[in-house]
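Given the structure is predicted, the values throughout are model-derived calculations rather than measurements. In what follows, chains carry the letters A, B, and so on, assigned in the order in which the sequence lines appear, proteins first and then strands, with residues in each chain numbered from 1.
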Number of protein chains: 2
Amino acid sequence: MSERKRSGKVSRRITAEAIAEKLGVSAMTVSRALNGRPNVNRKTREKVLSAARKYGYTPNHIARSLALRKTETIGVVVPEISHSFFPEVIRGIEDAVYSAGYHLILTSTAEDVNREQDAIMTLQSKRVDGLLISTAQTVTDHSMYEETIRQGVPIVFFDRVVQNIGATCVSIDDEDCCARITEHMIGHGYHSIAHLSGPPTVSIGKGRMKGYKKALARHNMKVRPELIVQSGFHEKGGYVAMERLLQLSPRERPDAVVAVNDPAAFGAIKAIQEHRLRIPQDIAIVGMTDDIRAELALSPLTTIRQPAYEIGKSAAEALIEEIEERAKPGRKIIVQTELTVRKSCGCV
Amino acid sequence: MSERKRSGKVSRRITAEAIAEKLGVSAMTVSRALNGRPNVNRKTREKVLSAARKYGYTPNHIARSLALRKTETIGVVVPEISHSFFPEVIRGIEDAVYSAGYHLILTSTAEDVNREQDAIMTLQSKRVDGLLISTAQTVTDHSMYEETIRQGVPIVFFDRVVQNIGATCVSIDDEDCCARITEHMIGHGYHSIAHLSGPPTVSIGKGRMKGYKKALARHNMKVRPELIVQSGFHEKGGYVAMERLLQLSPRERPDAVVAVNDPAAFGAIKAIQEHRLRIPQDIAIVGMTDDIRAELALSPLTTIRQPAYEIGKSAAEALIEEIEERAKPGRKIIVQTELTVRKSCGCV
DNA sequence: CGCGCTTGTGTTAGCGCTAACATATTTCAC
DNA sequence: GTGAAATATGTTAGCGCTAACACAAGCGCG
């Protein structure tokens, strides 16, 4: 029990062992008292607790994690944090995680595959007990996810999910959503409905495209390939894609647009307005997500409300269940959505 | 070197020591090779690296942290994550932290003092190397911050800062900002300018109030107490506060409103519209923050752009400098702002 | 009154890593 | 070729905690 420290910088922090020494008990007794384990005399426990308070003891979670081989921390990997969707998801995650006594290491990948790989690696180094991932747009190789799971670290995907590798996925039913909102447009009597689509590499992009086509098919409407333009998930892409649609001759031009999400819709709205067309009279448009800006838009955007908070919360809860082995991985959890009708679709 | 594990659950993960054994070298050599330290034979280093790759070795950062007494992790405490300001700040933090090789544990307090205390405690338990804090609205007792600093954990406050306890603060010049935008209103010729104020317990609330009064004073305008209503930082408070102002008799009623931030302004706008008053003709209004919704509002909101990303980035950079002892704590870092003129003030 | 049982506590060792020191090997000047 | 410096590697111990086992004392019970 050497009193020397190796580095000059002496840690001011008191350890459980130091408290033990002061009280003339063993470190183990202190540990037991502090963690509320049984088999500690009431008197002893009180002595320990009051000493801990007195000396400002903060348990060293790092040492604890090393000894117990668990960190009570989960890693979150999101593609971005700027827009309203992910913060809201994170809020849901935070709440669930907090009440289960876990913590949250947040990494964002800026939609970059390399950064995502990097993030997953370092989160593993930090020995997170599990991972919550929404994939970057360009990810196509899933081997790292599989490897992570094989190493015993459960993953729950949310929103942008990866099916078929045995991990639990939490998302909305993209296909159904998009079909519903497309049918809403069909119900309005539009007959030339365009789709600004997401990248086909991402589950959401694929699912929504499928829903769009399905809705058309159900009403015997032809899919016109020139009316499907890939916009991606961001405003800028929506703008560019819409510009492209507006180049079509007036006869070919769509009278309605189903955008893959709200930000893309905002971009499209900007393009439509620049062409001095009216929404919804000249071109109606709807989005999906319910971005906080949707209500404020010049022509308030009809959209599918995607309950970001609930997605985050259920994903976190599912992950913690799997970490604590109270549930098996590989579940599909669908979060309910609802159509939020405003004006951009042509309703009142 | 017992081969038995205590728990049934055997860790599949390979350790540096296991690699050492396989290669017939010592654990130390492996450690040196992996960490790029000098004094390792080139051949040996390559052997180690390729073995590490081959066996899928992930360094155990927990053990490393324990040995080195540093975690390369910083704790972030924010009051909320839903609105556009904090996500943007976090993005700035994330970028700075990522490029310095640190990581980020995020906690949000929901504006609750107890949750904040709790968060700081557990972050300390996790032995974060430093803390980035934006205080909850209701915090008045600063002893925990001081205690944390005394324990050797640097804190950098951002946005909602705590002065005079020796910690570095990163914020905008609240007083100056609010004075500028108030003077902008005075320049428009409004002579009955109200202020929706933040809570006086928070640096921002105090500073902006001061700026508002200063601007009036500079132009020999009287401060009329009935025109100062506390709204807090959120939409709802803005709405309620504005309702109160609208109860005033037409003679006393303000012709312009300076809101403490954009969300409060949005609440106020809602109240104004419900009273069928026009913005800016009947009542002009300005905010501060530049919320993403500001541009989209019916009468696009004139505001002071508060560079959230830069605030996050400089705060994180400052903290890391202090952690690495390249800078001393107690600095005041002011981030520049700019007036963003739109329509709600009466311009154009 | 000796047996097992419960309760309280201590001891030992190990989680996986790395600093500091110790030792072996090579390099090279003169 | 010899001593000193430079390079490469090993050994020991410790970061702060806790599981597993060991042990001591007090308990009731037939």
Could you check how far CD of B/E17 sits from C1' of C/dG14, rounded to whole Å? 11 Å
Which residue pairs pass the salt bridge (charged side-chain N to carboxylate O under 4.0 Å, His left out) test when at least one of the two sits in residues 26-39 of chain B, sequence neighbours left out? none
Taking the minimum atom-to-atom distance to the side chain of B/A27, which one of C/dT18, D/dG10, D/dC17 wins? C/dT18
Between A/Y57 and D/dG16, is there a contact of a side-chain N or O with OP1 or OP2 at under 4.0 Å? no
To the nearest angstrom, how far is A/K47 atom NZ from C/dG8 atom P? 14 Å
Here the distance between atom P of C/dG16 and atom NZ of A/K126, to the nearest Å, is 18 Å
Residue mapping more 5' on DNA chain C - nearest nucleotide basis, A/G24 or B/S31: A/G24
For the NZ atom on B/K332, are there more than 12 heavy atoms of other groups (residues, nucleotides or ligands in this structure) within a distance under 6.0 Å? yes
Using only side-chain N and O atoms of A/N60, determine if any of them is under 4.0 Å from OP1 or OP2 of D/dC15. no
Looking for any heavy atom pair under 4.0 Å, which part of the strands does B/N39 touch: base, sugar-phosphate only, or nothing? base
With a 4.0 Å cut-off on heavy atoms, is A/T29 in touch with a base, just the backbone sugar-phosphate, or nothing at all? sugar-phosphate
With a 3.5 Å cut-off and heavy atoms only, can you find an N or O donor on one side and an acceptor on the other between the side chain of A/R13 and the base of D/dG16? no
Between A/A63 and B/P38, name the one whose nearest nucleotide on DNA chain D is closer to the 5' end. B/P38
Whole angstrom value for the distance that separates P of C/dA19 from CZ of B/R32: 9 Å
Between D/dG14 and B/R69, counting only base atoms on the nucleotide and side-chain atoms on the residue, is there a donor-acceptor pair under 3.5 Å? no
Pick base, sugar-phosphate or nothing for B/T44, based on heavy-atom distances below 4.0 Å to the nucleic acid. sugar-phosphate
Closest to side chain of A/R64, choosing from C/dT9, C/dT18, D/dC17: D/dC17
Contact nearer the 5' end of DNA chain C, comparing B/L68 with A/V25: A/V25
Have a look at B/R37 and say if it touches a base, only the backbone sugar-phosphate, or nothing, with a 4.0 Å heavy-atom cut-off. sugar-phosphate
So among B/E321, B/E322, B/R331, B/E317, which one has a side chain to side chain contact (heavy atoms under 4.5 Å, CB included) with B/V156? B/E322
Please list all pairs passing the salt bridge (charged side-chain N to carboxylate O under 4.0 Å, His left out) test where one or both residues lie in residues 97-118 of chain A, with sequence neighbours left out. A/E111-A/R160, A/R115-B/E94, A/R115-B/D95
Using a cut-off of 4.0 Å on non-hydrogen atoms, how would the nucleic acid contact of A/T15 be classed: base, sugar-phosphate, or nothing? sugar-phosphate
Once you round it to whole Å, what is the distance between C1' of D/dT18 and CE of A/M28? 5 Å
B/I62 CD1 to D/dT18 P: how many Å, rounded? 14 Å
Could you check B/I333, B/L319, B/V161, B/V89 and say which one makes a side chain to side chain contact (heavy atoms under 4.5 Å, CB included) with B/V170? B/I333
Take the protein atom NZ of B/K43 and the nucleotide atom P of C/dT26, then report the distance between them rounded to whole Å. 14 Å
CZ/A/R326: more than 12 non-hydrogen atoms of other groups inside 6.0 Å: yes
Rounded to whole angstroms, how far apart are NZ on B/K70 and P on C/dT18? 13 Å
For D/dT18, does OP1 or OP2 lie under 4.0 Å from any side-chain N or O of A/N35? yes
